[in-house]
There are 2 protein chains.
Amino acid sequence: MTPLSHRSPVPLDICHLAKAIEVIGDRWILLILRSAMFGVRRFDDFQQELSIPRTVLSGRLKALTDQGLLEKRAYKAQGKRARPEYLMTEKGQALQPVLIALTQWSDDWLADGAKPPMGFTHAGTRQHVKAAFVDEDGREVAADQMRLSLRR
Amino acid sequence: MTPLSHRSPVPLDICHLAKAIEVIGDRWILLILRSAMFGVRRFDDFQQELSIPRTVLSGRLKALTDQGLLEKRAYKAQGKRARPEYLMTEKGQALQPVLIALTQWSDDWLADGAKPPMGFTHAGTRQHVKAAFVDEDGREVAADQMRLSLRR
DNA sequence: CAGTATCCGGTCTGATACTG
DNA sequence: CAGTATCAGACCGGATACTG
C-alpha cells in the first residue's frame, strides 16, 4: 500500500466509531457527562459548575436524554417538593472507561508537570488502576501488538 | 451527601479530564483522528473521506499539529515531488485506547443489532482484544470496582 | 429552582472559486 | 494536490428577563 492516497478500511457511514463520535463529539456534551459522572444531577448545578448558557444546557440535556445517556426523573426529598434530576443511565455509565482513558491520557500528555488531582483505584485492594488492552484471558496487550481486524 | 446541590470533587480549571475535553471535544477533531488512526495522511484524502470543508480541515489540521497530536512532514516518493503528510505523533497514538474504548461502547450500545465492521486483535495470538482496566499486577478490574481517589 | 424567550454579536459551517 | 480566499447562513455563546 503506497502512502499516496489512502482511505480508511471502514467507510464512515457504517463505522461504529464514527457513530459514537456523532453522539459524544461535542465539548458541552462531554463536560456534562463529566459532571454527571461526578454526581452532579441538577440543572442549576450543571449550569453554575460549567458556566454554560442556560439555553445551551437545556438543549444538550435534551439531546442526552433523547439518546438515553441521561434519564430525567423527579427527585423528592421528604417534605420538599419534587425536583427534576438527571441521572446517568446504564448506557451513559458505560462511557466511563472512555472518560477514564481520556483522563489518563491527559495525565500523561497534558499535565505539564502537574500531579493529577484525581485517580482511579480498585475498591478492594486500593491499587492504582489504569486503562489498558487485555486479551480474552485478561492478559494485558501492549499497544504495538494491537492489530485492526476487519469483517468480510 | 444530599442530592440537593452537588458539585464535582475536582474544580473544572484544574481537572485533567476537562483539559482533555478542550482538546478533543470536537466532532471534526475526533473524525480526523479516527482517519489518521486508520492510516490516512494526506489533505485531500481527509477532505474526501470526511466531506469536510477545506477551510475547516485546514484549521483543524493546524490545531492538531499545534497541539502535537499530528506532525506535518514532507513525504517524497522516488521520482515524485515531495508532498506534505500528517502523521500521528506518539502523543496522538496515545489516544488509541480512548478511541478503541469508544468503538467498543458503540458496538455495545449504538450498534442496533449490526455486527461491528471491525475489531482489534493481538498481533501474535490473534485473540480478540478489548479496552479494560487493570491493576498494578496487570489483572483486570471490573467497572463497578473502580473508585475515584482524590489528592489532598 | 428549572427552565423557556429573546436578542445580539461572533464564530463555524459549507459551498465555490482561486493559486502555486 | 494542498491549500487560501471569500461569502452567506446557521449555530453558538453570553446576557438578561420572564414564568410556574
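Small disclaimer: the values here were computed from a predicted structure and weren't measured.
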Subject >> Base paired to D:dG20 (Watson-Crick or G-U; both N/O distances under 3.5 angstrom) >> reply: C:dC1
Original post:
If you check every side-chain atom of B:Arg54, which of D:dG14, D:dT16, D:dG3 has the closest atom?
Top reply: D:dG3
Subject >> Residues A:Arg7, B:Asp45; criterion salt bridge (charged side-chain N to carboxylate O under 4.0 Å, His left out); working and verdict >> reply: CA-CA 7 Å; A:Arg7 300 298 164 70; B:Asp45 288 334; 3.4 Å; yes
Subject >> Cluster overlap A:Leu87 with A:Leu33, hydrophobic side-chain contacts below 4.5 Å >> reply: no
Original post:
Between atom CZ in A:Arg60 and atom P in C:dG3, what is the gap in whole Å?
Top reply: 16 Å
Subject >> B:Phe120 to A:Ser149 - nearest heavy-atom pair and separation >> reply: N-OG, 4.2 Å
Subject >> Length of the CD-P vector between B:Gln48 and C:dA15, whole Å >> reply: 14 Å
**OP:** Using atom CD1 of A:Ile32 as one end and atom P of C:dG3 as the other, report the distance to the nearest whole Å.
**Re:** 12 Å
Original post:
Can you check the B:Leu57 CG to C:dT13 P distance for me, whole Å?
Top reply: 11 Å
Subject >> Closest listed nucleotide, where the reference is the side chain of B:Arg83 and the choices are D:dG14, D:dC1, C:dT13 >> reply: D:dC1
Original post:
A:Ile52 CD1 to D:dA15 C1': how many Å, rounded?
Top reply: 15 Å
Subject >> Length of the line joining B:Leu31:CG and C:dG14:P, which is rounded to integer Å >> reply: 11 Å
Subject >> Residue met sooner reading DNA chain D from 5', once B:Thr55 and B:Asp44 are mapped to nucleotides >> reply: B:Asp44
Subject >> Sugar-phosphate, base or nothing in reach of A:Pro84, heavy atoms under 4.0 Å >> reply: sugar-phosphate
Original post:
Is the shortest side-chain N/O distance from B:Arg42 to OP1 or OP2 of D:dC1 below 4.0 Å?
Top reply: yes
Original post:
Can you check whether A:Lys62 has a side-chain N or O nearer than 4.0 Å to OP1 or OP2 of C:dT4?
Top reply: yes
**OP:** Classify the nucleic acid contact of A:Phe46 as base, sugar-phosphate or nothing, counting any heavy atom under 4.0 Å across all strands shown.
**Re:** nothing
Subject >> D:dC12 OP1/OP2 closer than 4.0 Å to side-chain N/O of A:Trp28 >> reply: no
Original post:
Reckon A:Arg27 touches a base, only the sugar-phosphate, or nothing at all at heavy-atom distances under 4.0 Å?
Top reply: nothing
**OP:** Could you tell me whether the phosphate oxygens of D:dG3, OP1 or OP2, come under 4.0 Å of any side-chain nitrogen or oxygen in B:Tyr86?
**Re:** yes
Subject >> Length of the line joining B:Gln47:CD and C:dA17:P, which is rounded to integer Å >> reply: 15 Å
Subject >> Residues A:Arg54, A:Asp44; criterion salt bridge (charged side-chain N to carboxylate O under 4.0 Å, His left out); working and verdict >> reply: CA-CA 9 Å; A:Arg54 308 178 75 76; A:Asp44 275 25; 3.1 Å; yes
**OP:** With the side chain of B:Ser58 defined as its heavy atoms from C-beta on, choose the nearest nucleotide among C:dA2, D:dG3, D:dG13.
**Re:** D:dG3
Original post:
Charged N to carboxylate O under 4.0 angstrom, A:Glu85 versus A:Arg42?
Top reply: no
**OP:** Send over the distance from B:Asp26 CG to C:dC12 P, rounded to a whole Å.
**Re:** 9 Å
